[in-house]
Amino acid sequence: MADKDGFKVAKDYQIEVPFANNSKSFYVKGANNLDWGMKKHLANIFDAKSGNTVMFAFDHGYFMGSVAGLERMDLLIPILAPHIDVMMCTRGALRTCVPPIGNKAVVLRVSSGSSMLNDDLSHEIVAVNIEDAIRCNADCMAVQAFIGADGQLESIRNLSNVINEGLRYSIPTMGVVAVGKDMERTDRYFKLATRTLAEIGVNIVKTYYCENFEEVVAACPVPIVVAGGQKLPEDEALTMAYRAISAGAHGLDMGRNIFQSKQPVSMAESIRLIVHHKATDKEAYEFYQDSIHK
Ligand code: 5RP
């Protein structure tokens, strides 16, 4: 405790200056009325300057087992970490393969229940409770949402339970729009799915890019990050990234298009150029080609 000696009487109140922290809006879409802790977690995810994020998804193992390119997360993650903003992974991957150092945000996959052996992937449970999400220092909890599938009600129950717990402990929730084999990848479907998740109360939505994506973004009152989906040629993946950001997405949450790229680091950096530095897909692809030929 400071001592009393030399105490100086306060006098500079600058009464003509309005209270500085009265900002009308917090830069993350739809988060203005959230608690300080929720905002801090969202600020850990979305860059204050660009408003966007490069999320690296490596949670595939929870239902796909070992995926090409992710055979050795323990070797890949330390190499990629400096080039991404957020790690999206399971608690198993986090505890075994992610060094607890540095300042990377974590989006923790908390739902589970599927495997590649299932025909119907749409039935999941909440596998990670809020206490373990807190122990993992999660900035956000990710829950799969099967809107329009057989497991719809279960996934809405899972989402609602995680949102309720997240609000109690100020940890945001991300709804992950699943697109099972029977689901259409149209703006009609994605408008329904993304808006449904936002109305249920998620703070971030992850979905896939589609035509008329501007309308999907406009109708969703929380930030959308776009998953990459199956591996594309790097130029096509960067064009999809560019179109998504141009349409108002607040980031990419790519997995296979980074870890199955010939040069994951170069790909991550190329995506960064689009997400944070307003580069076009052409500029980003030129960067990618230059960097792989170095
Ligand atoms: C897997 C997921 C992935 O996080 C999501 O699909 C992003 O990865 P990719 O870009 O490889 O599709 O939800 O269940």
Side-chain angles (χ1 to χ4, degrees), residues 45 53-71 73 76-77 80 83-94 98 105-118 120-128 138-147 149 151 155 158-159 162 173-181 183 185 190 193-194 197 202 204-210 224-234 236-241 243-245 249-261 264 267-268 270-272 274-275:
I45 292 169
T53 187
V54 175
M55 221 180 256
F56 174 52
F58 55 105
D59 60 326
H60 304 61
Y62 92 93
F63 81 104
M64 297 171 93
S66 76
V67 183
L70 269 189
E71 295 86 348
M73 294 185 288
L76 176 65
I77 300 312
L80 261 180
H83 307 281
I84 51 135
D85 303 317
V86 181
M87 298 187 182
M88 188 209 170
C89 60
T90 62
R91 63 177 167 183
L94 192 72
V98 179
V106 171
V107 172
L108 193 69
R109 157 72 65 173
V110 298
S111 69
S112 188
S114 316
S115 90
M116 289 302 274
L117 301 178
N118 300 53
D120 175 1
L121 297 177
S122 73
H123 301 280
E124 293 203 349
I125 59 167
V126 176
V128 181
D139 288 292
C140 186
M141 298 176 287
V143 181
Q144 206 77 4
F146 298 89
I147 304 302
S155 53
N158 293 342
L159 270 166
V162 170
T173 301
M174 179 167 84
V176 179
V177 173
V179 276
K181 60 182 186 304
M183 296 174 204
R185 286 176 178 249
F190 287 129
T194 54
L197 297 189
V202 302
I204 307 172
V205 172
K206 175 162 79 165
T207 188
Y208 294 89
Y209 179 74
C210 65
I224 289 181
V225 293
V226 170
Q230 291 180 6
K231 177 72 177 70
L232 298 168
E234 278 74 4
E236 290 178 28
L238 291 170
T239 296
M240 185 268 286
R243 287 176 179 164
I245 296 294
H250 280 285
L252 275 300
D253 179 25
M254 285 186 165
R256 287 161 287 182
N257 279 286
I258 291 177
F259 63 71
Q260 290 177 350
S261 167
M267 190 59 182
S270 305
I271 291 164
R272 291 190 77 78
I274 295 170
V275 170

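Whatever order the structure lists them in is the order used to number ligands and atoms, beginning at 1.
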For the side-chain contact (heavy atoms from CB on, under 4.5 Å) test, which of Q144, M55, M88 pairs with K206?
M88

List for me each residue that meets salt bridge (charged side-chain N to carboxylate O under 4.0 Å, His left out) alongside R243, sequence neighbours excluded, and say none if there are none.
none

If we count only N and O atoms by modelled type, under 3.5 Å, do the side chains of R272 and S270 hold a donor and an acceptor together?
no

Neighbouring residues of ligand 1, heavy-atom cut-off under 4.0 Å
A57, D59, H60, Y62, F63, M88, R109, V176, K206, Y208, A227, G228, G229, D253, M254, G255, R256

Under a 3.5 Å threshold, yes or no: a donor from one side chain and an acceptor from the other, between N118 and S115?
yes

Which word best sums up how the rings of F56 and F259 line up, parallel for under 30°, tilted for 30 to 60°, or perpendicular for over 60°?
perpendicular

Side-chain donor or acceptor of E234 paired with backbone N/O of S261 under 3.5 Å:
no

